[in-house]
Amino acid sequence: MAGKTSDPQSASDPMNASGTKPLYILNGPNLNRLGQREPSIYGIATLAQIEAQCRDEAGACPVVFRQTNSEAQLVDWIHEAIDEASAIVINPAAYSFTSIAILDALKMFPGPIIELHISNIHRREAHYHRSYVSLVATAVIAGLGPAGYRLAVRALREMT
Ligand code: CA2
């Protein structure tokens with residue numbers, strides 16, 4: 001189930017019984033509306049369906065999957081991830097191109113970070129070309145549609 005904070009584990013105790021650190025998948029503004037508009041750019045999958053695909057791909061690895069329209073909330077979740085997560089997948093959406101606060105928070109994360117965009121931001125208008133998050137991302141996935149999330153989870157499972 002997608003939602004603002006849909007975690008199988010509580011935020012205060014995000015590890016599973018085996019003590020495995022969770023993978024954090026963080027989504028920025030407007031992505032809660034996926035599947036409802038512009039399917040030619042963003043596909044037809046809803047964020048809830050993408051979340052289910054990520055959990056399936058993660059297998060036994062715990063996943064914290066969240067979406068917010070707030071920059072401050074994203075920063076707070078990155079801070080939480082610094083203490084709790086093995087890796088981060090982040091689709092910062094429009095904040096990719098504006099938020100030095102998110103860049104600064106991600107700089108503190110010691111593990112791998114995958115920046116994820118559903119669309120190929122480099123084929124789009126110029127204001128989508130310069131992502132601050134790319135300056136600190138371990139890797140960037142863009143243009144593979146919703147399937148990019150599953151591939152990001154798969155890559156991180158092999159890296160962590
Ligand atoms: O391609 C991506 O994943 C983006 O991060 C999506 C952002 C956009 O600002 C980035 O440049 C690329 C926009 C998300 C808009 O979400 C929508 C949801 C439903 C329908 C239309 C847009």
Side-chain angles (χ1 to χ4, degrees), residues 1-7 22-58 61 63-82 85-109 111-160:
M1 147 185 75
K4 298 263 175 187
T5 57
S6 52
D7 309 339
L23 171 60
Y24 271 47
I25 305 177
L26 303 178
N27 295 281
N30 298 306
L31 292 165
N32 53 316
R33 310 287 290 182
L34 276 180
Q36 298 177 29
R37 281 182 51 241
E38 301 187 76
S40 61
I41 299 176
Y42 299 110
I44 58 170
T46 65
L47 201 60
Q49 290 167 332
I50 291 171
E51 177 179 356
Q53 291 166 9
C54 288
R55 294 193 186 285
D56 180 61
E57 188 68 41
C61 178
V63 169
V64 172
F65 191 103
R66 295 176 178 161
Q67 186 276 333
T68 179
N69 295 325
S70 157
E71 180 180 18
Q73 181 67 84
L74 276 174
V75 170
D76 284 344
W77 285 342
I78 294 165
H79 290 174
E80 184 185 306
I82 290 164
S86 61
I88 297 175
V89 178
I90 184 164
N91 185 346
Y95 292 136
S96 312
F97 317 106
T98 62
S99 180
I100 293 175
I102 289 173
L103 169 65
D104 285 344
L106 287 170
K107 279 181 180 171
M108 293 185 260
F109 185 71
I113 299 165
I114 295 187
E115 177 184 357
L116 188 291
H117 298 282
I118 295 167
S119 62
N120 180 354
I121 55 176
H122 301 289
R123 281 181 65 179
R124 303 183 65 190
E125 299 95 317
H127 54 266
Y128 291 125
H129 293 177
R130 293 175 70 92
S131 165
Y132 285 113
V133 172
S134 295
L135 298 174
V136 71
T138 309
V140 180
I141 295 175
L144 293 176
Y149 282 85
R150 186 184 268 274
L151 292 169
V153 171
R154 184 168 163 188
L156 288 172
R157 286 209 70 190
E158 292 178 13
M159 290 167 68
T160 57

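Keep in mind that what you see is a predicted model, and the values were worked out from it rather than measured. Ligands are counted one by one from 1 in listed order, and the atoms in each one are counted from 1 as well.
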- Task: Drop me the distance from His79's NE2 to Leu74's CG, to the nearest 0.5 angstrom.
- Result: 11.0 Å

- Message: Testing Leu106, Val89, Ile78 one by one against Ile113 for a side chain to side chain contact (heavy atoms under 4.5 Å, CB included), which residue passes?
- Response: Leu106

- Task: Considering heavy atoms of the protein only, find what lies nearest to atom 4 (C) of ligand 1 and give residue, atom and distance to 0.1 Å.
- Result: His117 ND1, 3.7 Å

- Task: Using atom types as modelled and distance alone, determine if a side-chain donor or acceptor of Glu57 lies under 3.5 Å from a backbone N or O of Cys54.
- Result: no

- Note on the structure: With heavy atoms and a 4.0 Å threshold, my read on which part of Ile41 contacts ligand 1 is neither

- Considering only protein heavy atoms, which is closest to atom 17 (C) of ligand 1, and at what distance to one decimal place? Asn30 O, 3.8 Å

- Query: Looking at Ile121, which atoms of ligand 1 are within less than 4.0 Å of one of its heavy atoms?
  - Reply: 11 (O), 12 (C)

- Atoms of ligand 1, numbered as shown, that sit under 4.0 Å from any heavy atom of Ala93: 5 (O), 7 (C), 9 (O)

- Message: To the closest 0.5 Å, what do you measure between CG (Leu47) and OH (Tyr149)?
- Response: 6.0 Å

- Item | Shortest protein contact, atom 20 (C) of ligand 1 (heavy atom only) | Arg37 O, 3.2 Å

- Message: Return the closest protein heavy atom for atom 19 (C) of ligand 1 as residue, atom name and distance.
- Response: Arg33 O, 3.1 Å

- The ring pair (Phe, Tyr, Trp, His ring centres under 6.0 Å) partners of Tyr128 (sequence neighbours excluded) come to Phe97

- Note on the structure: Ranking Tyr149, Tyr128, Tyr42 by closest non-hydrogen atom to atom 22 (C) of ligand 1, top hit is Tyr42

- side-chain contact (heavy atoms from CB on, under 4.5 Å) assessment of His117 paired with Asn91: CA-CA 6 Å; His117 298 282; Asn91 185 346; 3.8 Å; yes

- Considering only the protein, which heavy-atom contact is closest to atom 1 (O) of ligand 1, and what is its distance? Ser119 OG, 2.6 Å

- Task: Indicate whether the side chain of Asn69 and that of Gln67 have a donor and an acceptor atom separated by less than 3.5 Å.
- Result: yes

- List every atom of ligand 1 that sits less than 4.0 Å from any heavy atom of Ile118, numbering the atoms from 1 in the order shown and giving each element. 1 (O), 2 (C), 3 (O)

- Please identify which atoms of ligand 1 are closer than 4.0 Å to at least one heavy atom of Phe97. 10 (C), 11 (O)

- With sequence neighbours excluded, residues passing side-chain contact (heavy atoms from CB on, under 4.5 Å) with Tyr42: Leu34, Glu38, Ile118, Ser119, Arg124

- Message: Would Phe65 and Arg55 count as a side-chain contact (heavy atoms from CB on, under 4.5 Å) here? Give the steps.
- Response: CA-CA 9 Å; Phe65 191 103; Arg55 294 193 186 285; 3.9 Å; yes

- Message: As an exercise, identify every atom of ligand 1 less than 4.0 angstrom from a heavy atom of Ala94.
- Response: 9 (O)

- Would you say Glu38 touches ligand 1, if touching means a heavy atom closer than 4.0 Å? yes

